[in-house]
Amino acid sequence: MPVVRFQAGDTVMGRWPGSNLYYEVKVLSYSAKSQLYTVIYKDGTELELKDADIKSMTGFRQGSGRSRSRSRSRSPARTRRSRSRSPARTSRRSTSHTTEARRDRLKDMLEVRLTPVTMPLVNNSNNEHEKKEENDTANKVVEIKEEAENQVSGRYNLRRRKDQGEERPIEEQKTEPVVLLATPKQTSKTTELEFGGRIGVFFLLLLLPVVVLALLTLCGQKDSSLLSFPLMLPPLDSLWDWQVFGITLLWLLFQALLSLLPVGKVVNGMPLKNGKTLKYRINGFYALLISGVAVGAGVYNGVDLGYIHTHFLQFYTSALLISILLSIYLFVRSRWATDDDLAPAGNSGYVMYDFFMGRELNPQLKGFDIKFFCEMRPGLIGWLVFNFAMLQAEMKLLNLDTPSYAMLLVNGFQMLWVVDGLWHEEKLLSMMDIVHDGFGFMLAFGDLAWVPFTFTCQSYYLASHPSDLCVFWIIAIILMNAIGYYIFRKANSQKFAFIRNPSDPTLSHLKTIPTATGKSLIASGLWGFVRHPNYLGDILMALAWSLTCGFNHIIPYFYLIYLIILLVHREARHEHECRKKYGLAWEQYCKAVPYRIFPWVY
Ligand SMILES: NC(=O)C1=CN([C@@H]2O[C@H](COP(=O)(O)OP(=O)(O)OC[C@H]3O[C@@H](n4cnc5c(N)ncnc54)[C@H](OP(=O)(O)O)[C@@H]3O)[C@@H](O)[C@H]2O)C=CC1
Ligand SMILES: CC(C)CCC[C@@H](C)[C@H]1CC=C2C3=C(CC[C@@]21C)[C@@]1(C)CC[C@H](O)C(C)(C)[C@@H]1CC3
């Protein structure tokens with residue numbers, strides 16, 4: 001039976017999710033079922049916190065006193081300034097739990113809720129915004145937050161905007177690893193399960209590999225109609241080839257070696273739970289160039305890429321086996337991971353769920369980050385090699401002197417997407433997959449098997465299904481891809497620049513909405529059109545890719561359908577997180593930007 005340490009109305013210190021920052025909060029209620037406290041921050045943001053993330057005011061003062069004295073020796077001026085502002089100093093109350101006192105506190109709390117901080121749309125360069133934030137909740141946190149703001153290195157913006165002018169490029173920043181606050185280590189359990197929980201994940205584990213197999217089988221046969229789906233699995237010996245397995249392992253090794261090349265800059269990842277940052281070498285674009293030269297040299301010297309087309313299923317089963325073995329290795333090694341190494345989403349205690357979601361956030365082998373490598377290299381670059389192989393296979397199978405326009409368009413569009421991804425490789429470091437998701441079966445299979453074998457569905461299809469495109473259709477498809485790419489790139493670049501430095505002068509025209517965390521939300525330009533313009537751009541491109549294959553079968557639309565499902569789910573996940581994280585500011589933002597991904601769809 002859990003001990004309920006706090007009562008409704010108590011003022012306590014609550015940890016901000018995903019960080020070691022503590023804010024003054026009031027307890028609203030406790031749920032015995034979920035064993036979570038609902039607390040309210042001073043700006044009205046309500047969150048559910050675990051017992052381990054809450055400290056009593058007295059306990060916290062004793063704990064933070066130590067860290068305060070540590071920082072005082074480092075920066076006395078800063079500490080003095082923050083102390084004079086700290087509401088914890090001016091409004092410390094007795095923690096005795098008399099009914100009278102509790103009722104008073106509850107009244108205070110309700111007043112906070114009834115007078116929420118209003119957050120107007122502000123211009124990025126507007127001084128009023130800064131003045132506004134001076135009075136904002138973000139400034140009313142106790143001094144430990146101020147201290148933490150000064151200590152967090154990297155790009156995660158927890159500063160007030162008036163301090164942000166000091167932001168420097170990542171490479172130049174000092175990355176002294178720091179522990180923000182000495183708190184006793186607690187194992188943070190995942191309580192909210194995603195993807196339909198244990199049952200959902202069980203089905204995904206079984207279904208995903210079969211879906212890819214079915215897709216490849218249908219794509220490869222003459223009649224690709226869903227109705228002609230083979231009810232029998234292909235014979236097992238047609239699914240396995242040791243030589244193909246060896247080639248796949250060699251490809252992985254080659255890519256791993258390329259990623260270790262000492263070319264390209266070294267940058268810091270986002271700060272981890274313990275305030276430390278990991279270092280990453282950004283050389284994906286060089287790896288792509290070298291891989292291109294190597295494949296080109298192979299073809300020039302008589303290597304027949306048609307082998308990939310004829311052994312595509314075997315390549316898939318090899319990649320599948322490697323991803324399963326890798327996931328087992330990752331799961332086993334996570335037994336020795338510390339709490340700091342664990343991903344917030346993959347530590348439920350249910351073996352299958354955690355195996356799927358991934359327990360460890362950034363598993364490393366002597367500084368080699370396995371997740372970052374898998375996400376950006378073997379699958380993505382392999383995808384382009386596969387596309388090129390399909391182009392050669394098409395010419396051979398359909399007796400063509402030159403590749404079809406459809407095949408050329410698919411190869412060109414997808415090469416642009418991959419080149420763009422590797423050119424902007426550094427930006428991946430702030431993405432949900434790297435910052436939040438553990439590395440388990442979902443991503444291992446996703447990166448090594450799903451990406452190279454489902455993203456190729458159009459070129460694999462075109463290799464044996466001619467698609468004649470008229471000039472009008474070609475122009476329309478190119479235009480659609482260009483518009484999609486423009487939206488995708490501009491939105492992602494703006495978002496990344498803003499996360500890195502919200503005071504970036506090139507973004508000063510953008511309107512933003514401040515939140516209690518100190519982070520603001522862009523609410524104009526592309527980001528004022530829909531809440532995820534980058535998703536919209538991506539979907540437009542995916543549509544253009546599929547349209548090259550005509551309308552005879554739905555199979556080449558597989559990638560488009562997958563992407564829409566994934567991004568709609570991702571949007572819902574993000575929305576859920578942000579509602580908890582930003583509270584009223586999020587509501588304000590949703591009012592200002594009502595459409596989610598598609599314009600006119602709420
Ligand atoms: N082809 C494929 O299989 C897939 C492609 N993608 C593509 O990858 C790209 C990146 O995806 P993803 O990481 O999901 O991107 P998101 O757009 O969800 O970006 C997440 C980050 O952006 C921040 N953010 C979101 N909205 C705002 C805003 N209005 N103002 C300021 N910051 C904001 C979030 O901040 P916070 O949450 O901290 O507020 C978070 O740090 C997309 O273009 C997507 O289409 C993604 C998945 C699969
Ligand atoms: C197995 C599942 C059903 C789904 C697996 C999903 C993953 C394969 C994808 C989730 C998000 C991804 C992104 C990229 C690759 C595929 C995965 C990992 C990406 C890195 C590719 C390069 C792009 O430029 C990008 C925009 C950076 C992509 C980001 C998302």
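Hydrogens, waters and symmetry mates are skipped; everything else that's a heavy atom, side chains included, is used. Each ligand, and each atom within it, is numbered from 1 in the order the structure gives.
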A cation-pi test, strictly: NZ or CZ of R198 under 6.0 Å from the centre of the six-membered ring of Y350 and no more than 45 degrees from its axis. Yes or no?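 Yes; both conditions hold, so R198 lies above the ring face of Y350.
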Considering [options] one by one, which has a heavy atom nearer to [atom] than any of the others?
{"atom": "atom 21 (C) of ligand 2", "options": "F195, F445, W417, Y562", "result": "W417"}
{"atom": "atom 21 (C) of ligand 1", "options": "H436, K495, H424", "result": "K495"}
{"atom": "atom 17 (O) of ligand 1", "options": "I522, N534, L567", "result": "N534"}
{"atom": "atom 1 (C) of ligand 2", "options": "H569, R570, M442", "result": "M442"}

Neighbour count above 12 (heavy atom, 6.0 Å) for F598 CZ: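 Yes, the 6.0 Å shell around CZ holds more than 12 heavy atoms from other groups.
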Could you check whether any heavy atom of K519 sits closer than 4.0 Å to an atom of ligand 1, since that is the contact criterion I want to use?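 Contact check K519 vs ligand 1: positive.
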Pick one of side chain, backbone, both or neither for how [X] approaches ligand 1, counting any non-hydrogen atom pair under 4.0 Å.
{"X": "W417", "result": "side chain"}
{"X": "D538", "result": "side chain"}
{"X": "V593", "result": "neither"}
{"X": "N492", "result": "side chain"}
{"X": "I499", "result": "side chain"}
{"X": "E577", "result": "neither"}
{"X": "E571", "result": "neither"}
{"X": "Y559", "result": "side chain"}

Side chains of Q458 and T548, donor plus acceptor under 3.5 Å: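 On atom types as modelled, these side chains do not qualify, holding no pair under 3.5 Å.
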Would you check if there is a donor-acceptor pair between the side chains of N534 and N492 at a distance under 3.5 Å?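 Judged by distance alone, the side chains do pair up.
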Can [X] and [Y] be counted as an ion pair, charged N to O under 4.0 angstrom?
{"X": "E426", "Y": "R500", "value": "yes"}
{"X": "E575", "Y": "R531", "value": "yes"}
{"X": "R570", "Y": "D433", "value": "yes"}

Give the intermediate values and the outcome of salt bridge (charged side-chain N to carboxylate O under 4.0 Å, His left out) for residues D369 and R281. CA-CA 10 Å; D369 192 299; R281 180 169 296 278; over 6 Å; no
Look at [atom] and say which protein heavy atom is nearest, naming residue and atom and giving the distance to 0.1 Å.
{"atom": "atom 26 (C) of ligand 2", "result": "F488 CZ, 3.9 Å"}
{"atom": "atom 13 (C) of ligand 2", "result": "E375 OE2, 4.4 Å"}
{"atom": "atom 3 (C) of ligand 2", "result": "L208 CD2, 3.9 Å"}

Measuring to protein heavy atoms, does anything land under 4.0 Å from atom 18 (C) of ligand 2?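 Looking at atom 18 (C) of ligand 2, one finds that a protein heavy atom does lie closer than 4.0 Å.
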What I want to know is whether [X] and ligand 1 share at least one N or O pair that is separated by under 3.5 angstrom.
{"X": "Y589", "result": "yes"}
{"X": "S430", "result": "no"}
{"X": "W527", "result": "no"}
{"X": "D433", "result": "no"}

Suppose we screen for side chain to side chain contact (heavy atoms under 4.5 Å, CB included). Which residues come up paired with P452, at least two apart in sequence or across chains?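 With neighbours one apart ignored, the set is F386.
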Among all residues two or more places apart in sequence or in another chain, which pass the side chain to side chain contact (heavy atoms under 4.5 Å, CB included) test with F202?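 Residues passing side chain to side chain contact (heavy atoms under 4.5 Å, CB included) with F202: L206, M352.
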Which segment of [X] sits under 4.0 Å of ligand 2 when only heavy atoms are counted:
{"X": "D420", "result": "neither"}
{"X": "M376", "result": "side chain"}
{"X": "M431", "result": "side chain"}
{"X": "L204", "result": "neither"}

Tell me whether the rings of H532 and Y535 are parallel (<30°), tilted (30 to 60°) or perpendicular (>60°).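 Parallel.
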With under 30° as parallel and over 60° as perpendicular, where do the rings of F529 and W600 fit, or are they tilted in between?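 Ring orientation of F529 relative to W600: perpendicular.
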Out of all atoms in ligand 2, which are within 4.0 Å of some heavy atom of [X]? Include the element for each.
{"X": "G421", "result": "24 (O)"}
{"X": "V451", "result": "8 (C), 16 (C)"}
{"X": "D433", "result": "10 (C), 11 (C)"}
{"X": "L428", "result": "20 (C), 27 (C)"}
{"X": "G446", "result": "1 (C), 5 (C), 8 (C)"}

How long is the straight-line distance from CG of L272 back to NZ of K276, given to the nearest 0.5 Å?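 Rounded to the nearest 0.5 Å, the NZ-CG separation comes out at 9.0 Å.
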For H424 together with F496, are the ring centres under 6.0 Å from each other?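 Ring centroids of F496 and H424 are no less than 6.0 Å from each other.
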Ring centre gap for W450 and Y562 strictly below 6.0 Å: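 Ring-ring flag for W450/Y562: true, centres closer than 6.0 Å.
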Which ligand 1 atoms does [X] reach within 4.0 Å, using its non-hydrogen atoms?
{"X": "F455", "result": "3 (O)"}
{"X": "H532", "result": "17 (O), 18 (O)"}
{"X": "F488", "result": "43 (O)"}

In the structure I gave you, are the side-chain heavy atoms of M390 and L462 within less than 4.5 Å of one another anywhere?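 With C-beta onward as the side chain, the pair stays apart.
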Option from L321, L213, L239 for which side chain to side chain contact (heavy atoms under 4.5 Å, CB included) with Y316 holds: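 Result for side chain to side chain contact (heavy atoms under 4.5 Å, CB included) with Y316: L213.
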Pair E194-M442, side-chain contact (heavy atoms from CB on, under 4.5 Å): steps then yes or no: CA-CA 12 Å; E194 299 180 53; M442 181 178 74; over 6 Å; no
Verdict with reasoning, Y602 to Y595, per ring-ring contact (aromatic ring centres under 6.0 Å, His included): CA-CA 5 Å; Y602 290 99; Y595 309 118; 5.1 Å; yes
